[in-house]
Amino acid sequence: MSDTPMVRMRSIHKIYGSGAAEVRALDDVDLTVERGEFTSVMGPSGSGKSTCMNVVGCLDVPTAGTYEFVGVDVDELNDDELALLRRHYIGFVFQGFHLLPRMNAAENVQLPLVYKNVPRDERRPAAMRALESVGLGDRADHAPSELSGGQKQRVAIARALVTEPTLLLADEPTGNLDTETSAEIIDLLKQLNRERNLTILMVSHEAEFASEARRIVYFIDGIMTRDGPPEEVLS
């Protein structure tokens, strides 16, 4: 199945409300993401980019249309199967880091392994490997309060990587960071994409960083209006 796209969305609609209150968050979206792609998702506030990511991450269900994840029709999966898909194949990185303050870096990274029922004695070694892959092996026992914003985001990325997902979804991963630190996080994502052939889908409103991806898809009012290389989409 190596030639099967990671993501294939066909005629996807997501509608909230009804009648005069109806909002079309996604309107007839067709999107295919191949394995190993690094794609940025852009658009103004309320354009549908985050809704698209939520559907791709199986956090939300489309109102109509077909979504296949590595050839599997997601609509046919029950709640338990969707949870397993997220747990084993998709890593999530958010703007707000979402680290637990009472846990150190290594313990935060281990959390997905608890839900995956990985034996206790295997969790810390796996967390250490993930932290080392993002350059934070020496911060494993530090609490989030002892870390900079960039280090917190690296821990969050390590947590997303610890289950060895095939798809990484990053929703505004530089939104809470300064320009220099943001560039470092983007460089890290590019490295992971290049060295691991990790498929990455990243929401960003900053053209400077979104253009570091090999492809940009652009949304306006729930419609995917542009799709192509950064130099074409942003021209």
Please identify each residue that fulfils side chain to side chain donor-acceptor pair (under 3.5 Å) with K152, with sequence neighbours left out. none
Please round to the nearest 0.5 Å and tell me the distance separating atom CG of L85 and atom CD1 of I90. 5.0 Å
Side chains of R10 and T32: any donor to acceptor distance under 3.5 Å? yes
side-chain contact (heavy atoms from CB on, under 4.5 Å) partners of A183, counting only residues at least two apart: F209
For the pair S40 (side chain) and I216 (backbone), establish whether a donor and an acceptor sit closer than 3.5 Å, ignoring hydrogens and angles. no
Between F69 and Y67, how do the two ring planes meet: parallel, tilted or perpendicular, split at 30° and 60°? perpendicular
N-O pairing of D141 and R124 below 4.0 Å: yes
Go through the steps for S11 and D30 under the test side-chain contact (heavy atoms from CB on, under 4.5 Å), then give the verdict. CA-CA 6 Å; S11 300; D30 289 339; 4.0 Å; yes
Contacts of P101 meeting side-chain contact (heavy atoms from CB on, under 4.5 Å) (sequence neighbours excluded), chain-then-number -> none
Would you say that R86 contacts L59 through its side chain, given a criterion of any heavy-atom pair below 4.5 Å between the two side chains? yes
Test salt bridge (Lys or Arg N to Asp or Glu O under 4.0 Å) applied to E68 - qualifying residues, sequence neighbours left out: R8
Counting only heavy atoms from other residues, nucleotides and ligands, does the tally under 6.0 Å from CD of E180 exceed 12? no
Tightest non-hydrogen contact, residues Q153 and P173, listed as NE2-O, 2.7 Å
All N/O donor-acceptor pairs, side-chain side in residues 188-201, below 3.5 Å, sequence neighbours left out:
| unit_1 | atom_1 | unit_2 | atom_2 | d |
| --- | --- | --- | --- | --- |
| K190 | NZ | E212 | OE1 | 2.7 |
| Q191 | NE2 | E195 | OE1 | 3.4 |
| N193 | OD1 | R214 | NH2 | 2.6 |
| N193 | ND2 | G36 | O | 3.0 |
| N193 | ND2 | L198 | O | 2.8 |
| R196 | NH2 | S133 | OG | 3.4 |
| T199 | OG1 | G36 | N | 2.8 |

So does E164 have more than 12 non-hydrogen atoms from other groups sitting under 6.0 Å from CD? no
Report, one line per pair, each donor and acceptor closer than 3.5 Å where one atom sits in a side chain of residues 221-228; sequence neighbours left out.
| unit_1 | atom_1 | unit_2 | atom_2 | d |
| --- | --- | --- | --- | --- |
| T225 | OG1 | Y218 | O | 3.3 |
| R226 | NH1 | V233 | O | 2.7 |
| D227 | OD1 | R215 | NE | 2.8 |
| D227 | OD1 | R215 | NH2 | 3.4 |
| D227 | OD2 | R215 | NH2 | 2.9 |

Do R159 side-chain atoms and P112 backbone N/O form a donor-acceptor pair below 3.5 Å? no
Hey, what do you get for CZ (R139) to CG (N104), rounding to the nearest 0.5 Å? 13.0 Å
